[in-house]
4 protein chains.
Amino acid sequence: MNSDSRTPRPRRGRPRKEGAGEQILEAALEEYAEHGWAGFTMDAVARRAGVGKSTVYLRWRDKDSLLTAAVSARSGYIEAVDTGNFRSDLEALAGNLFRFFLDPIGWASLRITVDAAGSPAALGRFSEAVTGQHSQAAATIVQRAIERRQAPADVPGQTLAQCLYGAVTMQALTLSGDDRRLSDDQIMERVRPVVAFVLAGAGA
Amino acid sequence: MNSDSRTPRPRRGRPRKEGAGEQILEAALEEYAEHGWAGFTMDAVARRAGVGKSTVYLRWRDKDSLLTAAVSARSGYIEAVDTGNFRSDLEALAGNLFRFFLDPIGWASLRITVDAAGSPAALGRFSEAVTGQHSQAAATIVQRAIERRQAPADVPGQTLAQCLYGAVTMQALTLSGDDRRLSDDQIMERVRPVVAFVLAGAGA
Amino acid sequence: MNSDSRTPRPRRGRPRKEGAGEQILEAALEEYAEHGWAGFTMDAVARRAGVGKSTVYLRWRDKDSLLTAAVSARSGYIEAVDTGNFRSDLEALAGNLFRFFLDPIGWASLRITVDAAGSPAALGRFSEAVTGQHSQAAATIVQRAIERRQAPADVPGQTLAQCLYGAVTMQALTLSGDDRRLSDDQIMERVRPVVAFVLAGAGA
Amino acid sequence: MNSDSRTPRPRRGRPRKEGAGEQILEAALEEYAEHGWAGFTMDAVARRAGVGKSTVYLRWRDKDSLLTAAVSARSGYIEAVDTGNFRSDLEALAGNLFRFFLDPIGWASLRITVDAAGSPAALGRFSEAVTGQHSQAAATIVQRAIERRQAPADVPGQTLAQCLYGAVTMQALTLSGDDRRLSDDQIMERVRPVVAFVLAGAGA
DNA sequence: AATTAATCGAGACGGTACGTCGGGTCTTATG
DNA sequence: CATAAGACCCGACGTACCGTCTCGATTAATT
């Protein structure tokens with residue numbers, strides 16, 4: 001999908017408009033955030049991006065592809081913080097994920113991931129791309145904890161990550177509408193017991 | 001949601017066709033399973049159910065309502081088994097949930113739940129209805145474990161449920177296409193470490 | 001093409017909106033007159049007729065069909081006048097035809113007829129329908145003249161009609177833009193020598 | 001209309017590709033003949049001519065101009081034959097015209113002329129260019145007939161031409177599809193009565 | 001028995017978005 | 001410079017679906 005992959009572009013013909021792809025993705029996200037899935041139209045995206053429809057369709061096969069690309073471009077900011085302490089690291093990670101899910105675009109990322117998993121390989125490896133990226137962050141944190149002797153060497157990192165991510169997801173799932181506006185404190189309040197539970201499970 | 005709930009119906013006029021509602025729900029699920037969300041159309045549902053469109057719209061407000069109703073009618077078979085052992089109970093529960101998610105209709109249930117949480121109260125309390133039902137099952141199991149002294153009295157039941165459900169969901173999320181065909185053994189193989197981790201977290 | 005042909009309509013389903021066809025044809029002619037061929041769009045026709053696009057496409061296969069139908073519905077008012085005199089009859093007929101051709105819609109009729117003749121039977125028998133109708137008028141006039149002894153019995157009516165119609169067409173062909181605004185007097189001025197020539201040819 | 005007309009071109013830069021204009025015109029006619037007006041696209045013309053779109057647009061303002069130019073380049077072979085006899089001259093002229101109209105490209109010439117007359121001066125003086133050229137041929141023939149005393153001096157040459165051309169056009173108009181394949185004999189059979197009628201009208 | 005009213009299948013309705021395609025312009029790299 | 005390639009913006013095309021509506025035909029409960 002739009003795999004530019006550093007072509008130095010010695011191509012013939014008029015070159016593709018620089019930055020058009022980004023503008024379109026940006027416009028797509030804004031449209032999605034404003035009108036949701038049902039009110040998300042290609043015409044509106046093109047208009048908002050100041051671009052012809054053909055320019056959009058030249059880059060993405062259809063509506064699904066565009067939305068998927070737009071969302072996955074924003075799914076990346078879950079990183080492995082390093083506070084020097086296992087518990088703090090996990091709390092920060094879980095807090096970031098929670099915040100991400102409360103943002104319409106972050107939540108859309110989950111929605112699309114779920115769609116992708118159910119579809120017949122249509123949306124390809126989107127799920128893996130996103131979840132893989134996330135589990136990487138968790139693995140890094142666990143690794144550091146082992147090195148610091150804050151966790152036993154045989155801690156089941158993957159299961160730990162699944163529980164942590166899953167519990168946060170479940171919590172986000174029960175919030176709808178205005179309930180999704182939470183302060184950072186409220187978020188941490190909800191995150192802490194989960195981290196505590198998971199640490200106990202890890203034997204730390 | 002079609003809450004007629006045993007109206008004895010002494011109404012005038014032609015009575016509603018017996019069983020039409022069920023046929024429509026059935027058709028809706030089949031259509032959804034075959035064509036997915038994007039290819040799910042009311043016309044096709046009506047045609048497959050051998051029913052006029054008006055008959056459908058007389059029972060459900062719109063497409064979302066129908067799909068939601070269809071899915072939620074199938075979401076109910078996660079029950080609290082009772083094997084006499086905490087671990088076995090949890091494994092059975094998690095296994096059932098996993099199986100449910102690998103079925104297209106069960107997975108659709110999750111998808112709709114995610115949609116509902118993101119929409120502005122549109123799909124109403126669907127999320128809560130479904131997740132509430134599930135958490136009830138978990139709570140029952142935990143309660144029994146406490147009574148049997150297989151778990152400490154202060155075990156954080158809700159967090160435990162979130163981790164267990166979340167971890168299963170995350171696992172289902174990483175499977176797409178043909179990977180979703182798992183035998184019961186394969187399912188249990190994936191479920192066991194999660195239950196073990198969760199039991200450790202619960203101090204049991 | 002829209003051949004209603006007095007079906008008393010025992011059909012199933014919602015009946016077609018009465019008069020929608022006429023409204024659409026009307027709108028099509030107005031659009032065509034205002035914007036010409038290039039600016040003639042189906043969307044605009046539907047909007048002007050106060051009708052959904054589907055309603056238009058349910059009645060006519062595509063743009064060409066609609067325009068053809070619209071124009072042919074207006075091609076019919078060339079009738080055989082009866083002044084009691086051969087020359088006057090022909091002058092009236094030719095004058096009417098000339099006026100018809102100076103009107104944008106009348107001219108469109110010719111344009112479409114020409115298209116139809118060149119196309120691979122696509123527009124069907126449109127040419128014949130229109131020209132047949134016209135030649136009928138001429139034949140009637142000639143017949144009456146023979147009965148009145150104003151023309152010899154063996155006058156070649158068809159050739160006469162071809163010459164008369166053809167000459168008028170040729171004259172209309174050389175007029176473009178504002179030159180096409182002619183008064184009735186100017187029209188008759190141009191028509192008279194043709195009729196005189198044709199009468200001479202007929203030996204009258 | 002591409003009026004370069006013998007520029008010796010001592011210009012700077014890369015010279016225009018020799019013969020590109022002709023190739024484009026050729027391609028345009030072929031495309032028109034194959035797909036008709038509706039299926040006539042600039043992209044296809046450029047592709048068939050093995051030329052970039054800019055090369056086409058460098059020479060012709062737009063689609064109409066190109067098609068007009070292409071057709072008018074082929075409209076020129078109606079000439080005033082000289083058989084020494086008025087009737088034969090007219091029959092030859094009318095026969096040539098008939099043949100011209102039965103050819104797809106010749107017919108296109110008429111179609112464009114009709115379009116041009118109806119449009120707001122868009123296609124300019126195309127009509128006049130073509131019809132003028134033709135009426136010149138007729139005038140020449142009439143002039144010679146007068147000199148040979150085969151026609152009276154006051155014969156209305158223009159009206160005669162209009163009738164002759166018009167009648168041929170009308171006949172061509174009633175033929176569509178396969179009916180347009182006529183042998184030379186069939187053509188002359190249809191032409192002769194018209195010439196006879198016109199000669200009578202001319203008092204010859 | 002006649003009336004009333006809710007429901008049924010069918011399918012046309014006004015809208016709106018889809019994804020495609022063509023026109024005419026523009027921007028590059030290559031003669 | 002002209003050219004070929006081809007991306008650009010624009011907007012119409014014809015299709016499909018939504019949710020509504022209007023039919024004629026059923027089918028009870030109520031008169």
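Please read all numbers here as calculations on a predicted model, not as lab measurements. Every chain is numbered from 1, with letters handed out A, B, ... down the list of sequences.
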**Request:** Please state how far atom CG in C:Leu58 lies from atom P in E:dA10, giving the value in whole angstrom units.
**Result:** 17 Å
Hey, what are the protein-to-nucleotides 3-5 of chain E N/O distances that come in under 3.5 Å?
residue, atom, partner, partner atom, Å
E:dT4, O3', B:Arg12, NH2, 3.4

**Item:** Residues touching DNA chain F, which here means a heavy atom under 4.0 Å, drawn from residues 38-55 of chain C
**Value:** C:Phe40, C:Thr41, C:Met42, C:Asp43, C:Lys53
**Asked** Has B:Arg61 got a side-chain N or O lying under 4.0 Å from the OP1 or OP2 atom of F:dT20?
**Response** no
**Fill in**
From CD1 of A:Ile24 across to C1' of F:dC9 the rounded distance in Å is 12 Å
**Message:** Does a side-chain N or O of A:Lys63 approach OP1 or OP2 of E:dC18 to a distance below 4.0 Å, or not?
**Reply:** yes
**Prompt:** Given atom CG of A:Leu67 and atom C1' of E:dA17, what is their separation to the nearest angstrom?
**Reply:** 15 Å
**Message:** Rounded to whole Å, how long is the line connecting atom CH2 of A:Trp60 with atom P of E:dT20?
**Reply:** 15 Å
**Prompt:** Of C:Lys17 and B:Lys17, whose closest DNA chain E nucleotide lies nearer the 5' terminus?
**Reply:** B:Lys17
**Prompt:** Can you name the residues that form a side-chain contact (heavy atoms from CB on, under 4.5 Å) with C:Tyr32, not counting sequence neighbours?
**Reply:** C:Trp37, C:Phe40, C:Leu67, C:Ala108, C:Arg111
**Prompt:** Could you give the CZ-to-C1' distance, from A:Arg16 to E:dC26, as a whole number of Å?
**Reply:** 16 Å
**Asked** What distance separates C:Leu110 CG from D:Leu110 CG, expressed to the nearest 0.5 Å?
**Response** 7.5 Å
**Complete:** Sorted by chain and number, sequence neighbours left out, side-chain contact (heavy atoms from CB on, under 4.5 Å) with A:Ser54 holds for none
**Prompt:** Considering residues at least two apart in sequence or located in another chain, which fulfil the salt bridge (charged side-chain N to carboxylate O under 4.0 Å, His left out) criterion with C:Asp43?
**Reply:** C:Lys53
**Request:** Give the rounded distance in Å between these two atoms: NE2 of D:His35 and P of E:dG22.
**Result:** 10 Å
**Asked** Which distance, rounded to the nearest 0.5 Å, do you find between the OG1 of C:Thr41 and the CZ of C:Arg47?
**Response** 6.5 Å
**Request:** Kindly state each residue pair satisfying side-chain hydrogen bond (donor to acceptor under 3.5 Å, both in side chains) with at least one member in residues 21-30 of chain D, sequence neighbours excluded.
**Result:** D:Glu26-D:Arg74, D:Glu30-D:Arg48
**Prompt:** For the atom pair CZ (B:Arg59) and CZ (B:Arg16), what is the distance rounded to the nearest 0.5 Å?
**Reply:** 5.0 Å
**Fill in**
Result for 5'-nearest mapping on DNA chain F, choosing between C:Tyr57 and A:Val56, is A:Val56
**Fill in**
note: D:Asp64, atom CG; E:dG24, atom C1'; distance rounded to Å ~ 13 Å
**Request:** Check whether any side-chain heavy atom of A:Lys17 lies under 4.5 Å from a side-chain heavy atom of A:Thr55, and answer yes or no.
**Result:** no
**Prompt:** Between F:dC13 atom P and C:Leu66 atom CG, what is the distance in whole Å?
**Reply:** 10 Å
**Request:** State which residues pass salt bridge (charged side-chain N to carboxylate O under 4.0 Å, His left out) with C:Lys63; sequence neighbours excluded, sorted by chain then number.
**Result:** none
